[in-house]
Amino acid sequence: MQETKKKFYVTTPIYYINDVPHIGHAYTTIGADVLARFKRMDGWDVFFLTGTDEHGQKIEKAAKERGLTPQQLTDQIVVRFQEAWKKLGITYSRFIRTTEISHKRAAQMFFEKVFKNQFIYKGHYEGWYCLPDEKFLLPSEVINEKCPDCGRPVERLKEENYFFSMSKFQNALTQYLEEHPEFVQPLSRKNELVNNFIKPGLTDVCITRSSVQWGIAAPVPEKSILYVWFDALINYLSGIGWPDDLETFHRYWPADVHLIGKDILRFHATLWPAMLLAAEIPLPKKVFGTGFITMNGQKMSKSLGNVIDPLAIADQYSPDALRYFLLREIPFGVDGDFSMESFQLRFNGDLANDLGNLIHRSLSMLERYFDGVIPENPNPSPAETELKTLATQYATQARLQIEEMAFPAILTLIWTLVKRANKYIEDSAPWKVAADSAQRARLQTILYTLMEVLRVVALALAPFMPFTAESIWSQLGFSDSIFNHGLEETEEWAKIPSGQKISKKNPLFPRIDRS
RNA sequence: GGCGGGGUAGCUCAGUUGGUUAGAGCAUUCGGCUCAUACCCGAAGUGUCGGCGGUUCGAGUCCGCCCCCCGCUACCA
């Protein structure tokens, strides 16, 4: 039964949709998808949650600028996210929107629970306020006591609000971080967080706003809404059924990993665990902060006009080429750079020359020498055994690396096999063997071995490059989806059926002419 | 300022608990091959491992000081 399978719950941030998806969103989501696909293929019961954060002042403002209601705006933009994820092959289990009724109810119930546990109290929130714009401003936004939007003078304003007693969790949080060194990753960010944020002392957080309209009503007598972060973080619970479907909730919670951008690590590593402690809910196992992606070494920004549209790259080349580049080029957890130069080098070098050409040349020979029918596998020699060993050992190493989110390392592993296979062709020279009819059996072994390598490569590649893997699979003559198959099949050899007819297609990755 | 991360071949980076001639990929040059997407295979390299000093039989790897780059430093998703 399902119950015997180990569960794996992975989340992305819920993206703030005051604008369309950019490459940073895509990067984190692709990483989560790889984890989900890998675990699924390795026999785990996976729940993969992503979605959108649709409340707050910025949405309110963006909607106003376009002459829409906030709900109309989010209804429009959410489609862009969902279409983007479809195009990039993202296999989420559920897409949550914070404007859904079930989420709103969850957020309110969470508030009530924490309130009941006496970690929420009434207090005063004081800050800069722009009267004409009717909005609170951050200290960093206010220059010379002027509003950054309208330029008019701002004033100090006091608002009665509700506060969450985060300071009470200082010790519990510190202790948790010490006892669970793997909780916040990468390690460098954990150090930053502990030294700069937690050690100096946590302060209470104002979790209601009476000046903002667009949000979830706080379950209090006064008219006010929940602070967006308090609202947003709860999606990780409501997304798997809390509090209505507790069976599903208990099946998947606690989350195995919250994948997030480094900019929001702090909320996930302090506010979120504190909230959960206050609500007496177990903490997630891991919070992993990814880096930022720069463009030609520069920070991406609309004003610089260097924002990369991930969908344009996916359209022009292929979704898998984008996935490959991001996963291979950038160690997960540090900042990385995107440039057409490096993208094209990866594309031509790794995808066209190494992988694409291996597939194409192998299938071409099979068509030429065996009319596209996979032969028997008589008398493998040590050369074949070496390839077999390399291929069948992949899964063991990959399982270790995936725990560390070491995507580049796993792809390097796969490419070791690809390169080894290219060398094997060179060494065994099937075109020479084919010229001698007495060596027919030898030729069969060589081609059979190549088909086996391609089978393993396709399976290994599937979590990372799903479209490519599926294509290799069908080109090898399989009629079902590769995703009906598991990682353990890479640990077996001589599995591709002799007599199966392949169906070669055009090269998967045509070289980019860079002249 | 404080805290954290990093400075290794032209470029991007690996380098486990200190140990024999410091590695990979890309780019470059030369050679081979022709099944294949002007592709693939092989060979050649180049390095004061940021600087100085110390510990040690022995340090890229440990300690101290200095220089440079990057990140974080509270209610902003």
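Letters A, B, ... are given to chains in the order of the sequence lines, protein chains preceding strands, and every chain is numbered from 1.
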| field | Same-atom distance (C1') from C66(B) to A24(B), integer angstrom | value | 32 Å
| query | When the distance from CD of Gln344(A) to P of A27(B) is rounded to whole Å, what number comes out? | reply | 13 Å
| task | Name the closest nucleotide to the Pro507(A) side chain, picking from A74(B), C75(B), U37(B). | result | U37(B)
| field | Spacing of Leu358(A) atom CG relative to U37(B) atom C1', expressed in whole Å | value | 12 Å
| task | Determine yes or no for a side-chain-to-main-chain donor-acceptor pair under 3.5 angstrom, with His55(A) supplying the side chain and Ala232(A) the backbone. | result | no
| message | What contact category does Asp354(A) fall into here, base, sugar-phosphate, or nothing, at under 4.0 angstrom with non-hydrogen atoms? | response | sugar-phosphate
| message | Give me the distance, rounded to whole Å, that separates G64(B) from A22(B) when you measure between the C1' atoms they each carry. | response | 25 Å
| query | In whole Å, what is the span from the CG atom of Leu351(A) to the C1' atom of C26(B)? | reply | 14 Å
| task | Would you confirm whether Thr28(A), through its side chain, and Gly261(A), through its main-chain N or O, come within 3.5 Å as a donor-acceptor pair? | result | no
| message | Between P on A27(B) and CZ on Phe347(A), what's the gap in Å once rounded to a whole number? | response | 15 Å
| task | Pick base, sugar-phosphate or nothing for Ile260(A), based on heavy-atom distances below 4.0 Å to the nucleic acid. | result | nothing
| task | In sequence, state the C-alpha distance, the side-chain angles, and the governing distance for Tyr121(A) and Asp204(A), and then conclude on side-chain hydrogen bond (donor to acceptor under 3.5 Å, both in side chains). | result | CA-CA 10 Å; Tyr121(A) 63 91; Asp204(A) 293 348; 2.6 Å; yes
| query | Looking across every strand, which nucleic acid part, if any, lies under 4.0 Å from Asn353(A) by heavy atom: base, sugar-phosphate, or nothing? | reply | sugar-phosphate
| query | When you compare U61(B) with A14(B), how far apart are their C1' atoms, in angstrom units rounded to a whole number? | reply | 14 Å
| field | Sugar-phosphate only, base, or nothing, as touched by Gly291(A) at under 4.0 Å among non-hydrogen atoms | value | nothing
| field | Side chains of Lys122(A) and Glu222(A) in contact at under 4.5 Å (non-hydrogen atoms) | value | yes
| said: Can you check the distance between C63(B) and G23(B), where both ends of the measurement are the P atom (answer in whole Å)? | reply: 25 Å
| query | Phe509(A) has an atom CZ; how far is it from atom C1' of C39(B), in whole Å? | reply | 16 Å
| query | Which of these nucleotides, G42(B), U37(B), C35(B), is closest to any side-chain atom of Lys423(A)? | reply | G42(B)
| query | Out of G71(B), C35(B), U37(B), which nucleotide sits closest to the side chain of Asn357(A)? | reply | U37(B)
| request: Would you classify Lys190(A) as touching base, sugar-phosphate or nothing, given that sugar-phosphate means primed atoms plus P, OP1 and OP2, and contacts are heavy atoms under 4.0 Å? | output: nothing
| field | Residue Pro200(A), side-chain atoms from C-beta onward, closest of U34(B), A36(B), A74(B) | value | A74(B)
| field | Dot-bracket summary - RNA chain B, pairs being Watson-Crick or G-U whose distances fall under 3.5 Å, with | when paired to another strand | value | (((((((..((((.....[...)))).(((((.......))))).....(((((..]....))))))))))))....
| task | Flag the pair Glu60(A) and Arg209(A) as a salt bridge only when some basic side-chain nitrogen lies within less than 4.0 angstrom of an acidic carboxylate oxygen. | result | no
| C1' gap between G58(B) and G1(B), integer Å | 40 Å
| query | For Ile359(A), which contact category applies under a 4.0 Å heavy-atom criterion: base, sugar-phosphate, or nothing? | reply | nothing
| query | Cut-off 3.5 Å, side chains only: do Tyr424(A) and Glu384(A) have a donor facing an acceptor? | reply | yes
| message | Categorize Ala352(A) for me: base, sugar-phosphate, or nothing, with a 4.0 angstrom heavy-atom threshold over every strand shown. | response | base
| task | Sticking with atom P, work out how far A9(B) lies from G50(B), rounded to a whole angstrom. | result | 8 Å
| said: Heavy atoms only, 4.0 Å cut-off, all strands: where does Arg346(A) land among base, sugar-phosphate and nothing? | reply: nothing
| Is it true that Glu182(A) and Lys190(A) make a salt bridge, defined as a side-chain N closer than 4.0 Å to a carboxylate O? | no
| query | Roughly how many Å is it from OH in Tyr369(A) to P in U34(B), rounded to a whole number? | reply | 10 Å
| task | Grab the CG-P distance between Leu193(A) and C3(B) for me, whole Å please. | result | 17 Å
| query | Quick check: does any side chain N or O of Thr208(A) sit under 3.5 Å from a backbone N or O of Asn161(A), one acting as donor and the other as acceptor? | reply | no
| said: Counting the atoms with a prime plus P, OP1 and OP2 as sugar-phosphate, which does Tyr15(A) contact under 4.0 Å by heavy atoms, base, sugar-phosphate, or nothing? | reply: nothing
| Residue Met365(A), side-chain atoms from C-beta onward, closest of C75(B), C35(B), A36(B) | C35(B)
| said: Distance check, C1' atoms only: C67(B) and U28(B), in whole angstrom units. | reply: 32 Å
| said: Does this structure show an ion pair linking Glu426(A) with Lys423(A), if we count only N-O contacts that are shorter than 4.0 Å? | reply: no
| said: At 4.0 Å (heavy atoms only), tell me whether Ser364(A) reaches a base, stays on the sugar-phosphate, or touches nothing. | reply: sugar-phosphate
| Expressed in whole Å, how much space separates the C1' atoms belonging to G51(B) and A44(B)? | 32 Å
| query | From the list G71(B), U37(B), C75(B), which nucleotide is the closest neighbour of the side chain of Tyr227(A)? | reply | C75(B)
| query | Is Arg266(A) near enough to U73(B) that one of its side-chain N or O atoms lies under 4.0 angstrom from OP1 or OP2? | reply | yes
| query | Is there a donor-acceptor pair under 3.5 Å between the side chain of Thr294(A) and the backbone N or O of Gly336(A)? | reply | yes
| Closest nucleotide among C33(B), C75(B), C40(B) to the Arg361(A) side chain | C40(B)
| task | Would you tell me whether Tyr15(A) and Thr29(A) have side-chain atoms, one donor and one acceptor, within less than 3.5 Å of each other? | result | yes
| Base, sugar-phosphate alone, or nothing: which one does Lys419(A) contact when heavy atoms must sit under 4.0 Å apart? | sugar-phosphate
| task | Give one of base, sugar-phosphate or nothing for Pro13(A), where a contact means two heavy atoms less than 4.0 Å apart. | result | nothing
| field | Atom-to-atom span, CG of Leu202(A) to P of U73(B) - whole angstrom | value | 14 Å
| message | Should the side chain of Glu426(A) and the base of G32(B) be counted as holding a donor-acceptor pair, with the cut-off at 3.5 Å? | response | yes
| Can you tell me if the side-chain N/O atoms of Arg189(A) get under 4.0 Å from OP1 or OP2 in C72(B)? | no
